[in-house]
Asker: 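Quick one: this structure, given as structure tokens, is what I'll be asking you about.
Lettering follows sequence order; numbering is per chain, from 1. Keep in mind that the numbers below use all heavy atoms, side chains included, and drop hydrogens, waters and symmetry copies.
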There are 2 protein chains.
Amino acid sequence: MTTTEHKSLRGRPKTIRAEKVLEVAIEAYWQNDLADVSVNSICRAAQASKPSVYREFGNEDGLTRAALESYAEQLLSDVSKILQSGQGMNETLDALIDFIITDARLEIGCLFHKMRAGKNRLGPKTRELVEELNRAAQGGYQRFFQDRRSTGDWYGTVSTDVAAKYLGEQIALALAQRASGENATTIREILSLALSVFR
Amino acid sequence: MTTTEHKSLRGRPKTIRAEKVLEVAIEAYWQNDLADVSVNSICRAAQASKPSVYREFGNEDGLTRAALESYAEQLLSDVSKILQSGQGMNETLDALIDFIITDARLEIGCLFHKMRAGKNRLGPKTRELVEELNRAAQGGYQRFFQDRRSTGDWYGTVSTDVAAKYLGEQIALALAQRASGENATTIREILSLALSVFR
DNA sequence: TCATTTTTATACCAGTCAGTATTTTTATAT
DNA sequence: ATATAAAAATACTGACTGGTATAAAAATGA
């Protein structure tokens, strides 16, 4: 909802940097427990007044949604690129594991998965986006398994739906472990073990 | 810390039912998001005055710790019984899966895993207990894998340490899915798939 | 009867929260 | 110049938080 900017001609010129507020918000939600991040603290850190932030984002729900929107935009396409690379099952899984374990933007976990884990504390608009992103991710995973099955690259007994959910949860687990500071090689071993069922 | 009861002879007799307060607290922490449960709400629900609760449990941290203590006591031995049944790998995993998917006390997830997931929001005493329980669980899992390996029942390439962590996380995942209302057969399929790497 | 001890109940404290009313500032249009 | 519009800054609201001061109540001991 940061669209529809009515370039007003009159009145005091806007000085608030919505982009900067979003940056600060993403950083805050990413680094801290969601329940510990308040609109107040974000305003302070971004040096923006509360009324300005509320005019820009409506309410807390709008701010968190905008933050997640901005965050996901940067990251989501990378994963689908890996899944749609057209490589075989083994190569794709290897690339996926590597990405999840080493990408710097996931160093302390993934904001999307963090919000998904604490879904019931989110406002309706943010929650809706979380569910939308989740559906998109699940759909991507499922298409991946359908492709692998149609090319004879995978003969799993489980449905592509369950396989997709499984993959999504194992990725979430690895990211949660990164967030909690677990040893990188241990995370890799656990994720590799989990995904070995597809090889 | 509910021990050392100094059966005082004089003074107004105690009417607060610490047991009832704990019951209410466990129920509240179990059903709701941890951040939504306040000492105030527990006092209201248990019909106990705040000063009485604070005299009994010290502070919020003491209350949450006592609640987790009471909860874990009831449940933890069941899991170790399954792991120490002396049965083979397959039978033990089957029993474990069955327990996690069907036990009524885990219907909406497990309080221990819930607190472990939100560890950084807990007070020091409760957090200490969470870590202690986690170590105990990990130790139990690891001993299980050591036993299976020594009896030639398991030839896994990963270390018993990684296997134990893997098992613990897959159980946590299944319980989180129960907590979020996921379909029981789906949870079972995912957990079975995850643990199939040990068979 | 009356002092002592312990628990209770009530009401309060300071801090934080999300959200907003009010006033001041800064621009443009006439 | 002056009206108007929009945003800014400040300060507020009411609700809730964890925690506590205070005083009344209810028991025992002398």
Asker: Between atom OH in B:Y54 and atom C1' in D:dT22, what is the gap in whole Å?
Answerer: 18 Å
Asker: Is there side-chain contact between B:N120 and B:R127, with heavy atoms separated by less than 4.5 Å?
Answerer: yes
Asker: When you match A:S49 and B:S41 each to their closest nucleotide on DNA chain D, which lands nearer the 5' end?
Answerer: A:S49
Asker: Establish, yes or no, whether a centroid distance under 6.0 Å links the rings of B:F198 and B:Y166.
Answerer: yes
Asker: Quick one: do the B:E27 and B:Q31 side chains pair a donor with an acceptor below 3.5 Å?
Answerer: yes
Asker: Looking at B:N40, does any N or O in its side chain come under 4.0 Å of the phosphate oxygens OP1/OP2 on D:dG18?
Answerer: yes
Asker: Starting at the 5' end of DNA chain C and moving along, which residue's nearest nucleotide shows up first, A:V37 or A:P51?
Answerer: A:V37
Asker: If each of B:G11 and B:D61 is mapped to the nucleotide of DNA chain D with the nearest heavy atom, which maps nearer the 5' terminus, i.e. the 5' end?
Answerer: B:D61
Asker: Does B:K50 make a side-chain donor-acceptor contact with the base of C:dA9, cut-off 3.5 Å?
Answerer: no
Asker: Report yes if a side-chain nitrogen or oxygen of B:S52 is closer than 4.0 Å to either non-bridging phosphate oxygen (OP1 or OP2) of C:dT7; otherwise report no.
Answerer: no
Asker: Determine whether the side chains of B:S159 and B:D161 contain a donor N or O and an acceptor N or O closer than 3.5 Å.
Answerer: no
Asker: Just N and O in the side chain of A:R10: are any of them under 4.0 Å from OP1 or OP2 of D:dA3?
Answerer: no
Asker: Which nucleotide sits closest to the side chain of A:S38: C:dT7, C:dA18, D:dT20?
Answerer: C:dA18
